[in-house]
Amino acid sequence: MTRIDGVETGGIITETEAYAGIRDRASHAFGERRTKRTEVMYRAGGVSYVYLCYGIHYLFNVVSGEQDIPHAILIRGIYPVVGIGKMLERTGKKKPGYALTNGPGKLTKALGITLEHNGMKLNDGDLWIEDRKLIVGEAEIQTAKRIGVAYAGDDALLPYRFVFDYQKHIQKKTPRSGEQDVQ
DNA sequence: TGTAGGATCCACT
DNA sequence: GTGGATCCTACAG
C-alpha cells in the first residue's frame, strides 16, 4: 500500500523473489559489499529498499533480515485492489487487472514508488504492508527460478521466486463474484 | 574522471 | 520474438 499526495493505492502481493544476503550472487549485497546504495539492506528488517534499474524502472524490495544481515525480498508483482483509477492514470493503462502491476517496474510506477521511499519504514509513513488476513495454502504458492539473474551462476537456479495466484484464490473462495478482465 | 553494465518494459516486426 | 531506451552505481585507472 502507498499513500502519495493523500491518495492510497495498493494491492495483494502475488509475486516475490528472495535475495539471501551476502552469499547470494544475485544480491546487491553479495560478498558483503556495502555501499551507499546497499546500506539500507543492512538495516534491521521492515524498511523498504528502492533502487533504479536500467535507468528507467524503480524496483521495490522489503528488507527482511536482522541488523547487518542484508536479506531482502523483491516485490515483483501485485494484484491491484486499492486506488485502481489512480494506478491506471500513473501507468497510462486503460483497463484494470493484473497486467496493471504484474512487473516489478510497473508496480512501482503504479504505486508511485520512487527513490524517495528508499529506506522508509513499512509500518509508519506513506508506504507500508498490511496484514489483510489472507489465508494462503502452501499449495497456492508456486516456487520457481528467479528472473533476470543468469549472471549469478548457480545461484540463478535457486528456487527463490514465489508466485501466488490470487485469481485462483479468489475463485476458490467466491466462485461467483464478478471477475475482472485479466490478461 | 570515465565507463560498463544491470533484479525491465514497450514498441515494433 | 527481438531490440532499444536510459541513467545510476560501482569500480578501475
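Numbers restart at 1 for each chain; the letters A, B, ... are given by sequence-line order, proteins then strands. Side chains are part of it too, since the values below use all heavy atoms of this structure and drop only hydrogens, waters and symmetry mates.
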Original post:
With A:A72, which residues qualify under side-chain contact (heavy atoms from CB on, under 4.5 Å), at least two apart?
Top reply: A:M41, A:N61
Protein-nucleic acid N or O pairs under 3.5 Å, nucleotides 9-13 of chain B:
| residue | atom | partner | partner atom | Å |
| --- | --- | --- | --- | --- |
| B:dC9 | OP1 | A:P104 | N | 3.1 |
| B:dC9 | OP1 | A:G105 | N | 3.0 |
| B:dC9 | O4' | A:H57 | NE2 | 2.8 |

**OP:** Go through the steps for A:E140 and A:K168 under the test salt bridge (Lys or Arg N to Asp or Glu O under 4.0 Å), then give the verdict.
**Re:** CA-CA 8 Å; A:E140 295 180 79; A:K168 264 188 204 160; over 6 Å; no
Original post:
Among all residues two or more places apart in sequence or in another chain, which pass the side-chain contact (heavy atoms from CB on, under 4.5 Å) test with A:L157?
Top reply: A:K145
Original post:
Can you name the residues that form a ring pair (Phe, Tyr, Trp, His ring centres under 6.0 Å) with A:Y42, not counting sequence neighbours?
Top reply: none
Subject >> Sugar-phosphate, base or nothing in reach of A:R33, heavy atoms under 4.0 Å >> reply: sugar-phosphate
**OP:** Return the residues of residues 37-52 of chain A meeting this criterion: a heavy atom under 4.0 Å from some atom of DNA chain C. Order them by number, or give none.
**Re:** A:R37, A:L52
Subject >> Integer-rounded Å distance: B:dT8 P and A:R161 CZ >> reply: 10 Å
Atom pairs and distances, donor-acceptor, side-chain atoms in residues 129-136 of chain A, under 3.5 Å, two or more places apart:
| residue | atom | partner | partner atom | Å |
| --- | --- | --- | --- | --- |
| A:E130 | OE1 | A:R132 | NE | 3.1 |
| A:E130 | OE1 | A:R132 | NH2 | 3.2 |
| A:E130 | OE2 | A:W128 | NE1 | 3.1 |
| A:D131 | OD1 | A:K133 | N | 2.9 |
| A:D131 | OD2 | A:K133 | NZ | 3.3 |

Original post:
Has A:R23 got more than 12 heavy atoms of other residues, nucleotides or ligands less than 6.0 Å from its CZ?
Top reply: no
**OP:** List for me each residue that meets side chain to side chain donor-acceptor pair (under 3.5 Å) alongside A:T14, sequence neighbours excluded, and say none if there are none.
**Re:** A:Y98
Original post:
Does A:H71 have its ring centroid less than 6.0 Å away from the ring centroid of A:Y19?
Top reply: no
Original post:
Which residues pass the salt bridge (Lys or Arg N to Asp or Glu O under 4.0 Å) test with A:E17, sequence neighbours left out?
Top reply: A:R76
**OP:** Could you tell me whether A:E116 atom CD has more than 12 heavy atoms of other residues or ligands within 6.0 Å of it?
**Re:** no
Original post:
Would you write out the dot-bracket form of DNA chain B, 5' to 3', with Watson-Crick and G-U pairs under 3.5 Å, [ ] for crossing pairs, | for pairs to other strands and . for unpaired bases?
Top reply: ||||||.|||||.
Original post:
Can you list the residues that meet the side-chain contact (heavy atoms from CB on, under 4.5 Å) rule with A:T108, with sequence neighbours excluded?
Top reply: A:Y58, A:F60, A:I113
**OP:** Could I get the full list of side-chain contact (heavy atoms from CB on, under 4.5 Å) partners for A:K106, not counting sequence neighbours?
**Re:** A:K93, A:N102
**OP:** Just do the salt bridge (Lys or Arg N to Asp or Glu O under 4.0 Å) check on A:D126 and A:K121 with the steps written out, would you?
**Re:** CA-CA 9 Å; A:D126 294 337; A:K121 279 194 218 163; over 6 Å; no
Original post:
Using a heavy-atom cut-off of 4.0 Å to chain A, what are the terminal contacting nucleotides of DNA chain C, in 5' to 3' order?
Top reply: C:dA5 to C:dC11
